[in-house]
Every structure is written in C-alpha cells, then in structure tokens.
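Before any comments, here is the structure.
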Amino acid sequence: MDIEIRHLRRGAGGAVNTQTERHSGPELSIGRASHHGLHLPDPRLLLNHAVIREKAGQPWFHTDAPDITRVAGETVSEIALTPGLVLALGPYEMTVLAPEPGLDLIVTMELVVPLDDAARVMRRTHDEAMDKSARWLAWISVFSIVSVLGLAFFWPLGIELSSERSTPGAATWERAQLTDRTAWDIRHIWTVGALSRSHGFMEQQCEACHTKAFTGVPEESCAVCHTDIAHHADPDDLTMPDIQDTACGACHREHDPAGTIVNGSQAFCADCHAGDALKQAGVTLDPARDFGLGHPSFKPRVAIDARELKFARLPLTRPGGVKQDTSFRFPHHVHLTKQANTQLGPDAERVLACGDCHVPEEDGPRMRPVDMEKHCRECHKLEFKSGTASRPLPHGDPYGVQLVVSDIIRQAEIEQTRLRLKYSPKPPDPKNLLADLEDRVAGKVENSLGVVFANTCGTCHTVRAGGTDDARKFHIDPVIIPDHWMVKARFDHRGHETIPCLQCHQAKTSTKAQDLLLPTLRTCQGCHGGEAATNKVRSTCIMCHRFHLPGHPSMAEQDLSAAPG
C-alpha cells in the first residue's frame, strides 16, 4: 500500500501547519516506539498501538487497545478506513481523506489533547471537589499530596513490572484513555515525555545522557556522540556570546511532545538576523526576518575569472544581472529547440529535454556532473580524418589531440609516398624523400591543428595558442561550472519534481553559458511564504539553511559547561 500521512499542527491564531510523509509496504505500524512507520510519541499510547493493512481490497485499521480507540465515542478494535472516517487514538485524531491518484490511503493526524491540557482539566476537577470547609480542605490536601507522591513513584514501577504479564485486552495504564478528552495518565508526573525520533533508540537508557540524578544533561554527554557538529560561525572570527556560550539544551529540548528536538522557530533565527546584533558584531549580512515578507536577494557564488579560479558572491538583483565566467560556450536555446544534426544522419533532428543532461543525485539535492561521453558525444563526434585514415580524438586532453592528429597525417603521407614510389619511373634520393616527407607532414599538422582546435574544440571551449614546446602548442582554459551555487543554503530538487524545470530556470532564452539560470527570490516566493503564511507553503529559515555550518570548527572542541535542564 502507498499511504500519505499529513501531520497537522495548529499555531497562533488558528493557522495550520502541515508536514507530509509517505509510506509504502504491505502494512503501516503505529505506536509510541520509535521504530514504527507512524511514530506517535505521546506516552498515553501503547508502544505497539495499532497497524493498518489491506483487507478485501481496502485499508483496514486493527488495534489491541480498543479501550482507547474510538469512533463517534464508541470503542473499536478494527474498522475499514473509508473517506470521512474520524478515528480517535487516545489524544490523537486521525481523519481519512479521499484517495488521490497513486495513493491507496490519505490520512491526517493531529494531537488534539496535549498533556498540559489534560493536566489542567484534572486540576480544575480537583479544585471543584476540594471546595469544602477549610478543615476538611487541609486534611484532604495532606492526604492528596502523600497519595500523589506514592502513585508517582510506586504505581508506574508496578505497571512496568506487571506489563509482561498483561494480556492484549487488559485495561492497563499503558492504555489510559481520555474520557471525552479529559482523562490523563498519571505517569507524566514521573516521566517528562517520550524521546524525539532521533534519540528513540535510547528510550530505555536514561543514564546515557543523564549522568547525574536530578541534574540537567551536561554538554559532555552530547559531545560523546555529536563530535562533528560544527559552529554556526567561526568562533575566532565572530565572537558572539549568544552563540558561543549557549548550551545545547537551550536550543534542543528533549522530551518534547511534538516529537522533534530541533528548534524550527523563525523567531529563533530572526532574533539575530533581523536586527542590529550582527552589525554590532561586525558582520555585513543583509537583514532577514521572514521568507515572504523580509528576505534579501539570493547571493550565489559564481566564478568571475575562470583562468585565475576567482569566485565571488553576487546578488541576483545586481544591475545588468549576474554573469559567470565559465570559459565554456553552450547555448541552451539551441539544444532545447528542433535542430538539424547531420552527424546523426542527413535528415536527423534532435530536441533535448532538461533531464537528458541534468540528472539529480539519488541521495542528495545536487545534479550529477554533465559528462561528454554520456551526454554530448552522440551528436558531437570528435573525429579527425586524413585520407583514408580516421580516429576519434580524446576529449579533455589537448596534448593527446595533437599526437593523434600528427600520427594520422604521418600515416596518410607515408601511404601517399609509397604510391608515388610505386609508380615513379625513377626512384628518388632517399635523403630528399625523407626530408620532403617531414616538411609535408609538419605543414599539414600545423594547418590541421589550427582547424581542429578552432572549429572542433573551439565550438565549446576557450582555446589559447602558445608555448615553446612544439608538441604542446595549444591550451584549453579550465571549465568552471559549480555543482552548487547557493553555498549558504540547501535545495532538494526531489521536493519539486512536479514543477517543470523551465518554470524556474529560463533556459529556452539563454544564448550563452555565462547566463546564470538560477531562480530569483521572487520566483521562490510565488509558492513559498514565511512561517505565518496562509496561502503558500510555510517556510521557516531551517527549511533552507543549516544552523551548524560545515567548514567551521567542531563545537565539541570548546570547553563545554553544564546545560540547564
């Protein structure tokens, strides 16, 4: 089955943020354990809560916890997942949507009763019941405190010890269900919540991080595993206590019901990048506060001198546009329109598509390099002929081209000399014959190399003549085509497969390889908005930017102090 799950999270003002994931396979397991395909970290669910599998040609939901699984208020152990069905899984709500092409099932998942809400309901109910006389209130308060402490420490322990003997149908605390979404699991007093998905494998190894009882996790515990986590900025070049002296736990909060340990808030980045904090530290970055409402122009890293290998980051809004020095000639518009190609045949025509040359990496956001042998030689056959001799020329080897041309011409001239000797009435002087042969070979080689490098190699490359060595008269400038222009950002083409390439890259009107065919900020803003966008894809800073940037020293190398909580 192919299943799409849309996780809904409601923010301030009722705005809904949607995160989508897909699963393919014979079944989809659901539960609190981190290995499940649909991981729901709330402690009020079972570790192994339910499974979705195909039955009679449609998806069915099966659970061994019917006491905390309801449809319209009624408990269920299994049910067909038909469009419009709303299924309550403890504090979560699953809604089945109409399937779309290529998908067998689409559901939305939303945490409708957070632990904090359930606890508040419990406290309100408790206060109403305790609204008695002052004398009884004092005695009952003492009794309640003693009871809660006893339950907090001993009841969960008893539950864990007896869990192995419980049967699938037993009503254990593991299956405590919110009655009308108000009940709560007493264990949340003792356990602060499930681990994030990235740390789920340590769910039963608290001591791996909590090295001392009743204290926060020290930074040294994080550095044991995260040895290569780099700084946000070079600590020697940019001294900002707000970054260098901040503990891991200040940004990465574990046991978060949302199931993530990464702070994805837009305000987290805008605190520094939208104001004067960076200017005070001597950083000349343009301010950024919101992708849709306040973001600077893209600044790609382009080659400005291919021969000297010089690069610069230039804004795409630069007057006259941004041009790159690639030392390469390639007109996109010619290759994307119908053109005659005599090398494929007298009447051959070939029209290329973007995907014929630009293939995304299987496990990364970048494109694989364009290769002459794979992508170009079908139409651009590098061959040299002289007389009846013909041989392909080596690509990327100017010296090798000169050797091949000299060798073919020499063979052709030797063959011509043999024919003349065969039919000549008077044998020539061997010394004169050899000298004449060498003169003719040298002259033809010089003329032929000029034509080959100017017309064949020069079709795409910048060719320069020179050098004292006669065998190395021609040089080709290195081709500089980066595989990543946006060095401070990340972009994954796999998330944009439904968008035509030419919608973002204006290749059909590009006549030179110097044209930088990157989409502008306005192009991306056509679909993407900021964190609070309502009619576009909500895009926070970390969607495109990392906090820990490669190339900077490891954070584990500094003196790490204990983190708070």
Side-chain angles (χ1 to χ4, degrees), residues 300-303 306 309 324-385 390-405 408 452-463 474-486 490-519:
R301 179 177 179 267
V302 299
L309 297 179
Q324 56 183 347
D325 181 13
T326 63
S327 79
F328 188 63
R329 299 186 179 95
F330 184 85
H332 273 91
H333 74 297
V334 171
H335 292 77
L336 293 174
T337 56
K338 185 179 291 187
Q339 298 288 334
N341 191 327
T342 56
Q343 296 201 51
L344 296 179
D347 301 318
E349 292 181 336
R350 178 71 186 272
V351 180
L352 294 177
C354 302
D356 290 332
C357 298
H358 302 289
V359 181
E361 295 177 346
E362 293 181 359
D363 56 351
R366 304 181 185 181
M367 293 287 180
R368 297 178 183 176
V370 176
D371 182 80
M372 170 68 186
E373 301 299 326
K374 292 181 180 179
H375 304 108
C376 308
R377 194 176 283 276
E378 178 186 358
C379 299
H380 299 275
K381 299 182 183 299
L382 304 182
E383 292 183 346
F384 179 75
K385 297 180 180 180
S390 174
R391 193 185 306 174
L393 297 173
H395 180 260
D397 183 6
Y399 179 48
V401 169
Q402 296 175 67
L403 293 180
V404 170
V405 170
I408 291 178
V452 168
F453 277 96
N455 298 340
T456 303
C457 303
T459 300
C460 301
H461 297 279
T462 301
V463 179
F474 296 91
H475 304 272
I476 295 179
D477 286 353
V479 175
I480 306 298
I481 301 180
D483 63 347
H484 191 199
W485 283 268
M486 308 297 288
R490 52 186 177 181
F491 177 87
D492 197 332
H493 282 89
R494 293 172 298 181
H496 298 75
E497 292 175 338
T498 59
I499 301 175
C501 303
L502 297 177
Q503 182 172 323
C504 298
H505 305 282
Q506 304 304 314
K508 274 199 169 182
T509 58
S510 173
T511 60
K512 298 179 180 179
Q514 285 71 28
D515 297 335
L516 196 63
L517 304 181
L518 294 179

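When reading the values below, keep in mind they use all heavy atoms of this one structure, side chains included, and skip hydrogens, waters and symmetry mates. Computed from a predicted structure; not experimentally measured.
- With rounding to the nearest 0.5 angstrom, the NE2 atom of His493 is 10.0 Å from the CD1 atom of Ile499.
- Pairing each heavy atom of Phe453 with each of Val463, the nearest pair is O-CG2, 3.5 Å.
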Next item on the list: Assess whether side-chain contact (heavy atoms from CB on, under 4.5 Å) is satisfied between His333 and Ser510, documenting all intermediate values.
Entry: CA-CA 6 Å; His333 74 297; Ser510 173; 5.9 Å; no
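- Arg391 contributes atom CZ, which lies 14.5 Å from atom CG of Leu382 (distance to the nearest 0.5 angstrom).
- Annotation: salt bridge (charged side-chain N to carboxylate O under 4.0 Å, His left out) contacts involving residues 510-519, sequence neighbours excluded, comprise Lys323-Asp515.
- Scanning both residues, Thr509 and Gln506, for their nearest heavy atoms gives OG1-O, 3.5 Å.
- Taking the side chain as every heavy atom from C-beta outward, Gln514 and Thr326 approach each other to under 4.5 Å.
- If you take SG on Cys379 and NZ on Lys381, they are separated by 8.0 Å, rounding to the nearest 0.5 Å.
- Across all their heavy atoms, Ile476 and Cys457 have their closest contact at CD1-CB, 4.2 Å.
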Next item on the list: I would like to know whether Val359 and Met367 meet side-chain contact (heavy atoms from CB on, under 4.5 Å); could you show each step before the answer?
Entry: CA-CA 6 Å; Val359 181; Met367 293 287 180; 5.6 Å; no
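- Rounding to the nearest 0.5 Å gives a distance of 12.0 Å between NZ of Lys508 and SG of Cys501.
- When atom types are taken as modelled, the side chain of Arg329 and the backbone of Gly458 share a donor-acceptor pair closer than 3.5 angstrom.
- By the salt bridge (charged side-chain N to carboxylate O under 4.0 Å, His left out) test, Arg368 pairs with Glu362, sequence neighbours left out.
- Listed for the Ser327 side chain is no donor-acceptor partner under 3.5 Å among the backbone atoms of Thr462.
- Val404 and Pro392 make their closest contact through CG1-O, 4.3 Å (heavy atoms, listed as atom of the first residue, atom of the second, distance).
- With a 4.5 Å cut-off on side-chain heavy atoms, His332 and His335 do not count as touching.
- Taking the side chain to side chain donor-acceptor pair (under 3.5 Å) definition, one finds that Asp371 meets it with nothing, sequence neighbours left out.
- Although no hydrogens or angles enter the test, the distance criterion places a donor-acceptor pair under 3.5 Å between the side chain of Gln324 and the main chain of Ala513.
- Not counting sequence neighbours, the partners of Glu373 by the salt bridge (charged side-chain N to carboxylate O under 4.0 Å, His left out) test are Arg377.
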Note to self: For a side-chain contact (heavy atoms from CB on, under 4.5 Å) check, start with the C-alpha distance between Val351 and Thr337, then their side-chain angles and the critical distance, and finish with the verdict.
What the structure shows: CA-CA 6 Å; Val351 180; Thr337 56; 6.0 Å; no
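- Arg490 pairs by the side chain to side chain contact (heavy atoms under 4.5 Å, CB included) definition with Arg546, not counting sequence neighbours.
- Ring pair His461/Phe328 is perpendicular by interplanar angle, where above 60° counts as perpendicular and below 30° as parallel.
- The closest side-chain heavy-atom distance from Lys385 to Glu383 is below 4.5 Å.
- Taking both residues in full, the closest heavy atoms of Gly400 and Pro394 are given as C-CG, 3.8 Å, listed atom of the first, atom of the second, then distance.
- For the pair Val405/Leu393, a side-chain contact is recorded, criterion being any heavy-atom separation below 4.5 Å from C-beta on.
- In this structure, His496 has its ring center closer than 6.0 angstrom to the ring center of Phe491.
- With sequence neighbours left out, the salt bridge (charged side-chain N to carboxylate O under 4.0 Å, His left out) criterion links Asp477 to Arg307, Arg464.
- Separation of atoms CZ (Phe330) and CD1 (Ile481) is listed at 9.0 Å; rounding is to 0.5 Å.
- Remark: Leu352 CG to Cys376 SG distance equals 9.0 Å, nearest 0.5 Å.
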Notebook entry, point to check: Passes side-chain contact (heavy atoms from CB on, under 4.5 Å), Leu518 versus Met486? Steps please.
Noted result: CA-CA 9 Å; Leu518 294 179; Met486 308 297 288; 4.3 Å; yes
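- A distance-only check finds no donor-acceptor pair linking the side chain of Asp325 to the backbone of Ala303 [under 3.5 Å].
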